[in-house]
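Notes to accompany the following structure.
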Amino acid sequence: MRVALFITCVNDTLFPGTGKAVVTLLRRLGVDVDFPEAQTCCGQMHLNTGYRDEGVRLARRFVDVFAGYDAVVVPSGSCGAMVREHYPRLAEEGGFAAAVAETVPKVYDLSEFLIDVLGVTDVGAHFPHKVTYHPTCHSLRGLHLGDRPARLLQEVKGLELVPLPAAEQCCGFGGTFAVKNPDISAAMCGDKVRNILDTGAEVLCAADNSCLMHIGGTLSRQKAGVRVMHLAEILASTEPEHGESR
Amino acid sequence: MTSTFLGMPGTVSMMGYSGKEGFPDNAAKAVRNSQLRFNLRKATGTIRERRASVVAELPDWQGLRQAGKAIKDHTLRDLDAYLVQLEEAVTEAGGHVHWARDAAEANRIVTGLVKATGETQVVKVKSMATQEIGLNEALHDAGITAYETDLAELIVQLGDDWPSHILVPAIHRNRSEIREIFVRHMAEWGRPAPETLTDDPAALAEAARLHLRERFLSTKVAISGANFMIAETGTLVVLESEGNGRMCLTLPETLISVVGIEKLLPTWRDLEVFLQLLPRSSTGERMNPYTSMWTGATEGQEFHLVLLDNGRTDVLADKVGRQALRCIRCSACLNVCPVYERAGGHAYGSVYPGPIGAILTPQLRGMGTELDRSLPFASSLCGACYEVCPVAIDIPTVLVELRARARHGVAERAGMAAAGWVFKRSGRLARAQRMGGRMRRLVPKRLPGPLGGWTDTRDVPAIPKESFRDWWTRTDGGNR
Amino acid sequence: MNARDVILARVRAATEGAPPVEIPRDYRGPAPASQTASPELAELVADRIRHYKADVHVVDEAGVAAVVAEALAGRGAGRFVVPEGFPREWLPPEGFEWVGDEPELTASDLDAVDGIVTTCAVAVAETGTIVLDAGPGQGRRALTLVPDFHLCVVRPEQVVAGVPDAVARLDPARPLTWISGPSATSDIELNRVEGVHGPRTLVVVLVR
């Protein structure tokens, strides 16, 4: 099976630790993952901000770069949802519907790849901490990941998973929304942070670093003492204090 | 918005907003109003839970939702034929059908019909269409007083306020504010509030009952909207709770209903779907207390139906945006929206607030003002609205579509063009990342310009020394 | 062109080339006509109507008059409207003044009576709804609207399972009023409060 990693531009640039964690985790499970270096961005930022032509160009680039792989693993709910939900429509206009129909069904979120393709929930991880999980909007309502991330976390040795109140509510990031509507965005994040602190968790986990950057930026500003970690980083951890932190 | 059509462009009441201030400014003011935030959080939280529980009760909810979506799409596809069929059925049943291209024409028709009766007072059932066209103001200019009879509309009218929610226009008011409005203003409009009025909701409802009772029994003309119109039979349907709707629809000698052309359903049978979708989605009840259905002139009443376009055919011409015309005005998208919950309805500057307003208002009104241009951006695209919509309007996709048509600022265009250039070649991305890595210590705690909104409440992430792709190359994918 | 023709022309231009849309009916439709009233439905409809804070009584046909007498006595045993066609045997023989709607009662007349008793056309179990179609025993719509008290007697064969069953049974040419509990509002902080403009008391007598 030829497996490619779509790291996403945000992870590539700002959160390389997440990419390394995915590589470590998949190798541990016997999957040799490839990184096609021609990849850049899925086009979500452009499309969602109203620059659809650029979004279409980047969508076309994505399906070219990842053509021929049996699986493309994405450690980001929103980029995965962009590919799966919006590419078919963009491709129809851009005239590359066949390429999208070929490649898009092979694009998996990390937790889908682990559970649905590899058939594992116990990935041999060890992470003795109290963790709460924020499902992120596009993982929840875009990719419909359901309880997959929770099932993976529950199998991690030493990990105590505590439920997050109002988990399904958006953190207020929304890409350029946070910049265009900073007051509402900050109010949403303020409520999210209060709910996180109420759980008493040491670590906030999610499957999307954009949301974690937003919530983490607020937690950090408030010196709340809760760290944020991508799901891949927890699943890659094999002994206490080895998990990469930011 | 393209305007290849005949006639006047549609107008949707601006609710007193000039449109110069965009949604972000309006919302920023609202979010600092702690009373408003408390009221909205409490109300939307209550209704969200109620809706979720009555929706979960139906094993075939998704089937109903898909049927609802398809019935509406089917109707819109053949709207011309169904409108003609409706007109025939209503006329056959003794009603009179009028057609209005825009708000001004609808107001002219209704004003003329009221004047022909010789009456100077009308009672009104809550109606989005008549709010949209500013009918009360038009009637006022013609010397006719329109009395709102829905409790929330009454609160808004007495308080000289603007509606902030589709279903509950006074959702921004709590019980003690409502008491205050009743005590201060009821006397100006008729029977005063009882001197001993408390803020107990039952007492407030009783005060509204007493205030409107005599008016219902004596007024000769009523104006309503409708939730549904059945093309096959000419039947109109109004769902309500209080009985004010029944009062207006039943007692007056003349009934005038102003209804958007998209409110059609082809057959009587289609109601089996919508009478399940609407109450559970809107008030979170298995069924609302009262639903009235009538066909043409009923029980000796004179009946006029005014079919309203007012920009709807423009929306219909838009392949992506036309799905907004499926809307049955249930408000589920407002109640679940985290942006609406914090910004409130007034920030949207339209009778249609919340997620549906963010896609409907710019389509009906165009994107000529700062406010209307900013509405498609008033969403984090979290998708909660789409998930609860009983007719599956993909609001996030329509928002993104409208964003592509909005005018963007110079700085943003330059930034997006630069990003596009970088993403075009992976080598460019790698060089940009290295440059960022070298300057990582220089990132200020507070970012300049529009990015300052981020750093007001959030830290920026530390830029890593090495990007993932450089790590991959340097270590041969971690093997070295 | 007049407004009608302009709007129709706009619609045709806007929908030109749009593909036809099929309607999937993948939901619970009306039950087969052979399916008669079941004890489960009777129990469900009682529960669901009670949920709206209506008074519900379940009685044998022979006991209707006694229950009606008791319910009306609770209103001060006064004058009640009885529409044409309401079964006489369901009315208590004495103690109340019955008012007919011929000649038609004015709104003020209706405002002055103590209540109304009616039959119904259909009752929907799943939603706790009674539907009036102005048929025998029900009268004009205003009769069940202006008085502050409404008592409705439902026969077992009138109870259907869900909304699709009710829609299939009803005639759209008649004026229809679907009633789910007493008049209520959710306009104050989105909490339901019973009792606004319609009858504040609803009594439903379900015949076993």
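Model, not experiment: these values are computed from the prediction. Per chain, numbering begins at 1; letters A, B, ... match sequence-line order.
Using a cut-off of 4.0 Å between Lys/Arg side-chain N and Asp/Glu carboxylate O, C/D187 and B/K126 are scored as not salt-bridged. Taking a cutoff of 4.0 Å between a charged side-chain nitrogen and a carboxylate oxygen, C/R10 and B/D314 do not qualify as a salt bridge. Ionic pairing of C/E189 and B/R173 is not present here: no N-O contact between side-chain nitrogen and carboxylate oxygen is shorter than 4.0 angstrom.
The number of heavy-atom neighbours closer than 6.0 Å to NE2 of C/H51, taken from other residues, nucleotides and ligands shown, is 12 or below. The environment of CD in B/E57 is crowded: more than 12 heavy-atom neighbours from other residues, nucleotides or ligands sit within 6.0 Å. Counting non-hydrogen atoms of neighbouring residues, nucleotides and ligands closer than 6.0 angstrom, the CD atom of C/E61 exceeds 12 such neighbours. By the neighbour-count criterion of 12 heavy atoms within 6.0 Å, atom CD of B/E299 is densely surrounded, having more than that number from other residues, nucleotides or ligands. Within a 6.0 Å sphere centred on CG of B/D200, other residues, nucleotides and ligands contribute more than 12 heavy atoms.
Between B/L217 and C/A107 the shortest heavy-atom distance is CD2-CB, 3.9 Å. In this structure, B/P289 and C/P182 approach most closely via the heavy-atom pair CB-O, 4.0 Å.
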Q: Quick one: do B/R286 and C/E126 satisfy salt bridge (charged side-chain N to carboxylate O under 4.0 Å, His left out)? Show the steps, please.
A: CA-CA 8 Å; B/R286 296 188 181 105; C/E126 195 168 271; over 6 Å; no
Q: Apply side chain to side chain contact (heavy atoms under 4.5 Å, CB included) to the pair C/T15 and B/L79, showing each step before the final yes or no.
A: CA-CA 8 Å; C/T15 55; B/L79 191 60; 5.5 Å; no
Q. Checking side-chain hydrogen bond (donor to acceptor under 3.5 Å, both in side chains) for the pair C/T185/B/E242: CA distance, chi angles, key distance, verdict?
A. CA-CA 5 Å; C/T185 182; B/E242 297 163 14; 2.9 Å; yes
Q) Hey, mind stepping through C/Y52 and B/M287 against side chain to side chain contact (heavy atoms under 4.5 Å, CB included) and telling me if it holds? A) CA-CA 10 Å; C/Y52 298 125; B/M287 193 61 88; 3.7 Å; yes
Q. After noting the C-alpha distance and the side-chain angles of C/I179 and B/R246, does the key distance pass the side chain to side chain contact (heavy atoms under 4.5 Å, CB included) rule?
A. CA-CA 11 Å; C/I179 298 173; B/R246 291 178 68 192; 4.2 Å; yes
**Q.** Residue pair C/R25, B/D270: steps toward the salt bridge (charged side-chain N to carboxylate O under 4.0 Å, His left out) verdict
**A.** CA-CA 10 Å; C/R25 304 257 178 196; B/D270 295 323; 2.7 Å; yes
Q | Verdict with supporting geometry, C/L190 and B/I171, side chain to side chain contact (heavy atoms under 4.5 Å, CB included) | A | CA-CA 8 Å; C/L190 282 179; B/I171 195 172; 3.8 Å; yes
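No donor-acceptor pair under 3.5 Å is formed between the side chain of C/R141 and the backbone N or O of B/S292. Of the possible polar contacts, one joining the B/T295 side chain to the C/P172 backbone as a donor-acceptor pair under 3.5 Å is found. The closest donor-acceptor contact from the side chain of B/R209 to the backbone of C/V196 lies under 3.5 Å.
Neither the backbone nor the side chain of B/N39 comes within contact range of chain C, judged by heavy atoms closer than 4.5 Å. At a 4.5 Å heavy-atom cutoff, the contact between B/T235 and chain C is made by side-chain atoms alone. Only the backbone of B/A100 comes within contact range of chain C, with at least one heavy atom under 4.5 Å from a heavy atom of that chain. Proximity to chain C (any heavy atom under 4.5 Å) is shown, for B/T75, by neither the backbone nor the side chain. Proximity to chain C (any heavy atom under 4.5 Å) is shown, for B/E240, by neither the backbone nor the side chain. Contacts between C/V146 and chain B at a heavy-atom distance below 4.5 Å involve backbone atoms as well as side-chain atoms. For C/V167, the parts lying near chain B are the backbone and the side chain together; criterion is any non-hydrogen pair under 4.5 Å. The contact between B/T298 and chain C is made by backbone and side chain atoms together, counting heavy-atom distances below 4.5 Å. Heavy-atom distances place no part of C/E194 under 4.5 Å from chain B, backbone and side chain included. Interface remark: B/L83 contributes side-chain atoms only to the contact with chain C (heavy atom separation under 4.5 Å). Heavy atoms closer than 4.5 Å to chain B are found in both the backbone and the side chain of C/P199. When heavy atoms are compared at a cutoff of 4.5 Å, B/I261 approaches chain C solely by way of its side chain, counted from C-beta outward. If you measure heavy-atom distances from C/L132 to chain B, you find no contacts under 4.5 Å at all. Looking at B/A93, there are no atoms closer than 4.5 Å to chain C (heavy atoms on both sides), in backbone or side chain. If you measure heavy-atom distances from B/E105 to chain C, the contacts under 4.5 Å come from the side chain alone.
Checked against C/H197 for a side-chain contact (heavy atoms from CB on, under 4.5 Å), the options B/L212, B/L151, B/D150 give a single hit: B/L212.
Contact check for C/P175 versus B/Q301: no side-chain heavy atoms found under the 4.5 Å cut-off. Looking at heavy atoms from C-beta onward, C/V11 lies out of side-chain contact with B/R312 at the 4.5 angstrom threshold. Using a 4.5 Å heavy-atom cutoff, the side chains of C/T177 and B/T291 are not in contact. Within the 4.5 Å cutoff, the side chain of C/T127 has no heavy atoms near those of the B/L275 side chain. Contact of the C/R4 side chain with the B/V84 side chain is registered, since non-hydrogen atoms from C-beta on lie closer than 4.5 Å. The closest side-chain heavy-atom distance from C/Y27 to B/Q62 is not below 4.5 Å. A heavy-atom distance below 4.5 Å is not found between the side chains of C/W178 and B/N288. In this structure, the side chains of B/P59 and C/R28 come closer than 4.5 Å at one or more pairs of heavy atoms.
In terms of heavy-atom pairs under 4.5 angstrom with chain B, the leader among C/S183, C/G198, C/S180 is C/S180. In terms of heavy-atom pairs under 4.5 angstrom with chain B, the leader among C/P20, C/P19, C/P30, C/A184 is C/A184. Comparing C/V163, C/L145, C/T129 by how many heavy-atom pairs each has under 4.5 Å with chain B, the most go to C/L145. Between chain B and the residues C/L110, C/L8, C/V193, C/V124, the largest count of heavy-atom pairs under 4.5 Å involves C/L8. Between chain B and the options C/V131, C/I7, C/N2, the largest number of non-hydrogen pairs under 4.5 Å is found for C/I7. If you tally non-hydrogen atom pairs under 4.5 Å between each of C/R192, C/R174, C/E22 and chain B, the highest count goes to C/R192. When the candidates B/V54, B/N335, B/L64, B/T46 are compared by the number of heavy-atom contacts under 4.5 Å with chain C, B/L64 comes out ahead. Between chain C and the options B/T233, B/I71, B/V273, heavy-atom pairs under 4.5 Å are most frequent for B/I71.
Between the CH2 atom in B/W294 and the CG atom in C/L176 there is a gap of 11.5 Å [rounded to 0.5 Å]. The structure places CD1 of C/I188 at 4.5 Å from CG of B/L204, a figure rounded to the nearest 0.5 Å. Atom CG of B/L251 sits about 9.0 Å away from atom CZ of C/R140, to the nearest 0.5 Å.
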